[in-house]
Amino acid sequence: MMIALVGGVALAAVAVAAGSSHPNIVFFLTDDQDQILGGSFPLTANNGQSTPMPKTKALIADQGATATSFYIHTPICCPSRSETLSGRYLHNVKQPVEKMQCSAGYNGKTDWGTTCCMHVDEGLVNNATFAKYLKENAGYTVGMFGKYLNECPDVAQPGFDAWFANGGGTYFAPSFAVQSIDGMPDGTFNGNKSVYSTSIIGNVSLAWIRKAAAGSAPFMAYIGPKAAHDPFQPAPWYANYWDPSWPSTAPRPPSWNISFEARAKHHPTVANQYMLDDKAASCIDSAFQNRWRTLMSVDDLIDAVFRLTDELGITEETYFLYSSDHGFQMGELNLPQDKRNVYEFDTKIHMIVRGPGIKPGSQLSFPGTNVDLGPTFLAMAGVTKPSDMDGKSFLPFVVQKSEDLPQSVLIGLGDASPAEVAFSWRDTVFVEHYRVGAGSYCGDGHHIDGMDNNFIAIRTMPNSKYGNFLYAEFQWANGTNYGEGNVDFKSPFIFEAYDMDADPWQMNNLYDSLNASMKASLHADVHAWLDCKAATCP
């Protein structure tokens, strides 16, 4: 019988008094969930009327805050998740540029023996996660449930008390590394073909939250479903479901299936894409529908967590955050599927948050990235971020200060007013990617991640000196081994620049029309970001 999400059995409610010392934290992180194309929040499908996640909308978005300018630093799995865990930009957790790069997603090793994936040295991540600092500096109990990093350790990493983790795995008959999970021996859980990944992740996390809430320490649950990653396999009970009000096809924005001539000034991976034929279009639309169906199970999981925290009486003393590790493409610029690109559909993500001091239905316009999540979790716990973290806490943008807040949150908010925090906040986000490589999707002629697809970019906001703008520099891999070259961005070969007000789908590369002064300024700014570390990062 298929394992489905379970509710709770009778248990005395565990109440946390208002004004208590520390809040609980629940963090949901999906995989490849798009925002621009209508898959998350703020809603865009059907003029904002359609979503595969109505329960999540009601529970978090409507009762909390929705970010409108939140981005991913690197639009691919392992780097993105490493950045979230460590609060550091990719250039500060990747293998040194002078070393041979580890572009593999799995089974990689650095020259010095540590595990690596997609250019990340996991040794720089696993020993310095937000979980470690929450546990050591604030006494949190922390559980990990679902996807951790693509190359997932077999045992709990420092700071994690419970470990039910994998590198993404499969939707059906998934396997997980297990440590300190009640009812399961330490080692490996191998589900049979009746086990659906999102459901078992939900079941295990619910049982753990129930146990953790009965203890004396605050807890953090990190819940990472596989959805909506390929191969887009919904649970059997949703396999044929489609609400009549939902879009019948994937979005068809102006950049969908455009001519070779329209892409001539893009870098080669985009410029060389074939036109999308009927077979490719059908492939895209099928993926779109099944992605939404996989997210329906995530919606159930999130709803089950809220039903449990309501039962335990801890909902109002808990922060719930929900985001994705990057966006997705579905035919934009003729890229039929996947991510790994500098464009808005791959880099802009959702971030919704509910909890003490957060105004229901509010919107957050500050420019943030996943690198800011770790420092924000620490601020909720009243922990000063480590000196080597690059990100910043966005807590002051989200939480309205009051005496009823947990004491740790008051400490994390600091003494600066929201206006002072806003004045000193960045007006730009930085994007960075080193080629990992991928095959073709939806037919031949659609290779996604060519040797040219190494880039650094700045996405500037309307209030910046450049206005609402995207600027990127691309460099070929320098080495002779395909995809293994050491990219230092000292020799960019192509540049792209887009006016995001006039060209929101990044179709008209303006770089050649920019004056020399602006080109020099953009180049200097993006390289300042590439060189930044900790306090020197804006």
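Values reported hereafter were calculated over all heavy atoms of this structure, with side chains retained and with hydrogens, waters and symmetry mates removed.
Of the candidates F474, F455, Y498, H266 forms a ring-ring contact (aromatic ring centres under 6.0 Å, His included) with just one, namely Y498.
Of the possible donor and acceptor atoms, none in the side chain of E496 sits under 3.5 Å from a partner among the backbone N and O of Y511. Checking side-chain atoms of N341 against main-chain N and O of D346 turns up no donor-acceptor pair under 3.5 Å. Judged by distance alone, with hydrogens and angles left aside, the side-chain atoms of N46 form a donor-acceptor pair with the main-chain N or O of S245 at under 3.5 Å. When atom types are taken as modelled, the side chain of W292 and the backbone of W246 share no donor-acceptor pair closer than 3.5 angstrom. In terms of modelled atom types and a separation under 3.5 Å, the side chain of S282 and the main chain of K279 share no donor-acceptor contact.
Counting only N and O atoms by type, the side chains of T129 and Q157 include no donor and acceptor under 3.5 Å apart. In this structure, a donor-acceptor pair under 3.5 Å is present between the side chains of H267 and D452. Between the side chains of E432 and H73, at least one donor N or O sits under 3.5 Å from an acceptor N or O. Counted by atom type alone, Y441 and D338 present one or more donor-acceptor pairs between their side chains at under 3.5 Å.
Taking 4.5 Å as the limit, some side-chain heavy atom of K465 sits within range of a side-chain heavy atom of D525.
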Applying salt bridge (charged side-chain N to carboxylate O under 4.0 Å, His left out) to D285 and R252, what does each step give before you reach the verdict?
CA-CA 10 Å; D285 292 338; R252 301 290 199 262; 2.9 Å; yes
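The pair K55-D300 counts as a salt bridge, with a side-chain nitrogen and a carboxylate oxygen less than 4.0 angstrom apart. Salt-bridge formation is detected for the pair D34/R291: a Lys NZ or Arg NE/NH1/NH2 atom is positioned less than 4.0 Å from an Asp or Glu carboxylate oxygen. For the pair K339 and D449, the salt-bridge criterion is not met [side-chain N within less than 4.0 Å of a carboxylate O]. By the 4.0 Å N-to-carboxylate-O rule, D427 lies too far from R459 to be salt-bridged with it.
Aromatic ring centres of W163 and F145: separated by at least 6.0 Å. A centroid separation of less than 6.0 Å is found between the aromatic rings of F489 and Y434.
Classified by interplanar angle (parallel below 30°, tilted 30° to 60°, perpendicular above 60°), the ring pair F164/F176 is parallel. Ring planes of F28 and F320: parallel class, angle under 30° (limits at 30 and 60°).
Annotation for N240: atom CG does not count as buried by contact number, only 12 or fewer foreign heavy atoms lying within 6.0 Å.
Across G167 and C152, no two heavy atoms sit closer than the pair N-CB, 3.7 Å.
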